[in-house]
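Computed from a prediction, not measured in an experiment: that's the story for all the values here. Chain letters run A, B, ... following the sequence lines, proteins first and then strands; every chain starts at 1.
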Amino acid sequence: MNHWPTTVAEAEAVQERLRPLVDLTDPGPPVVGLVAGLDVGYAPDRDEVTGAVVVLDETLRIVDQATSREKTKFPYIPGLFAFRELPPLLTALDRLSVTPDLLICDGYGLAHPRRFGLACHLGVLTGLPTIGVAKTAFVGACDDPAPARGSWTPITLGQDTVGRALRTRDHVKPVYVSQGHRVSLDNACAHVLRTTPAFRLPEPIRLADRLSRSRSQIT
DNA sequence: GCGACAG
DNA sequence: ATCTTGTCGC
């Protein structure tokens with residue numbers, strides 16, 4: 001992709017055009033070998049974004065990681081989040097020496113005003129299975145899940161279920177999981193739980209967050 | 001019309 | 001996201 005959207009109308013048009021390419025039917029593999037977590041870090045007073053990808057094997061050991069620090073190409077606009085974070089993430093993915101079986105993104109997938117959040121967008125662009133995991137939910141409505149790890153409640157938008165509020169730790173605020181591309185909601189939640197052995201967030205995302213943050217701080 | 005709004 | 005003191009809870 002050579003041209004990147006500049007205006008809101010242009011970016012929304014891209015989302016409308018790519019949305020039909022999302023595959024929400026393929027349940028994807030219930031168990032995967034290589035899981036990648038992606039996140040973007042920012043440094044104050046700098047017009048830069050630092051993307052990071054960390055790949056873990058089935059035992060949650062790091063097998064590869066890559067980053068990309070570049071000039072910001074789009075402002076932060078709710079609903080158009082992907083146009084800000086996608087560029088450094090795509091570059092970082094290119095720099096990996098392995099191909100992940102699943103990408104866990106920090107943000108929305110289907111749970112998005114136009115049903116095309118970052119996870120869907122990244123899935124369509126890479127062709128890889130993706131899921132979105134957000135720390136807050138402003139799109140759709142859901143009840144608070146039971147306090148035990150593993151319990152969940154549906155996130156509804158209009159008449160549709162667009163994701164789940166999933167408890168990854170006992171008595172800790174849930175995360176908001178939604179389908180990205182080529183992964184069922186059931187499998188998405190299973191992957192999230194399997195990769196979250198200790199903290200609130202899946203280990204791949206936690207490590208990518210740490211990496212992107214440290215790389216963004218380098219002078 | 002105004003504010004809120006993934007990160 | 002990031003800037004930040006104190007504060008609340010375990």
Can you tell me how far [atom2] of [N] sits from [atom1] of [X], to the nearest Å?
| X | N | atom1 | atom2 | result |
| --- | --- | --- | --- | --- |
| A:H121 | B:dA6 | NE2 | P | 19 Å |
| A:Y42 | C:dT2 | OH | C1' | 11 Å |
| A:E12 | B:dC5 | CD | C1' | 13 Å |
| A:L80 | C:dA1 | CG | C1' | 17 Å |
| A:I104 | B:dG7 | CD1 | P | 15 Å |

Problem set entry | More than 12 heavy atoms of other groups within 6.0 Å of A:R210 CZ |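 Open.
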
Exercise. Does A:T136 place a side-chain N or O at less than 4.0 Å from the phosphate oxygens OP1/OP2 of B:dG7?
Worked result: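 Checking B:dG7 against A:T136, a side-chain N or O does come within under 4.0 Å of OP1 or OP2.
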
Exercise. Think A:K135 has a side-chain N or O under 4.0 angstrom from the OP1 or OP2 of B:dG7?
Worked result: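 Yes, because at least one side-chain N or O of A:K135 sits under 4.0 Å from OP1 or OP2 of B:dG7.
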
Problem set entry | Strand DNA chain C in bracket notation, Watson-Crick/G-U under 3.5 Å with | for pairs to another chain | ..........

Exercise. Ignoring hydrogens and geometry, is there a side-chain-to-backbone donor-acceptor pair from A:R114 to A:G79 under 3.5 Å?
Worked result: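 Yes; judged by distance alone, with no hydrogens or angles, the pair exists.
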
Exercise. Is the side chain of A:R200 donor-acceptor paired with the backbone N or O of A:T168 at a distance under 3.5 Å, no angle test?
Worked result: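 Answer holds: no.
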
Exercise. Are the ring of A:Y108 and the six-membered base ring of B:dA6 within the stacking cut-offs of under 5.5 Å and under 30°?
Worked result: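 Yes, the aromatic ring of A:Y108 stacks with the base.
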
Exercise. Is there aromatic stacking of A:Y76 against C:dA1, centre distance under 5.5 Å, plane angle under 30°?
Worked result: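 Ring-base stacking flag not set for A:Y76 and C:dA1.
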
For this session: Look at the side-chain heavy atoms of Ile, Leu, Val, Met, Phe, Trp and Tyr, link any pair under 4.5 Å apart, and say whether A:V55 and A:L102 land in one connected group.
Result: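 Each belongs to a different hydrophobic cluster.
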
Problem set entry | Proximity to the side chain of A:A134 - top-ranked nucleotide from B:dG7, C:dC3, B:dC5 |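 Selected nucleotide: B:dG7.
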
Problem set entry | Closest to side chain of A:P78, choosing from B:dG7, C:dT2, B:dC5 |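 Nearest to the side-chain atoms of A:P78, counting from C-beta on, is B:dC5.
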
Problem set entry | SB check A:R95 A:D64 (cutoff 4.0 Å) |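 A salt bridge is absent here (no side-chain N lies under 4.0 Å from a carboxylate O).
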
Exercise. Side chain to side chain contact (heavy atoms under 4.5 Å, CB included) with A:H191: which of A:V32, A:V31, A:V35?
Worked result: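 So, applying the side chain to side chain contact (heavy atoms under 4.5 Å, CB included) to A:H191 and each of A:V32, A:V31, A:V35, only A:V32 qualifies.
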
For this session: Going by the side chain to side chain contact (heavy atoms under 4.5 Å, CB included) test, name the single residue among A:S151, A:P145, A:C189 that passes it with A:L166.
Result: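 Result: among A:S151, A:P145, A:C189, A:C189 is the only option passing the side chain to side chain contact (heavy atoms under 4.5 Å, CB included) with A:L166.
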
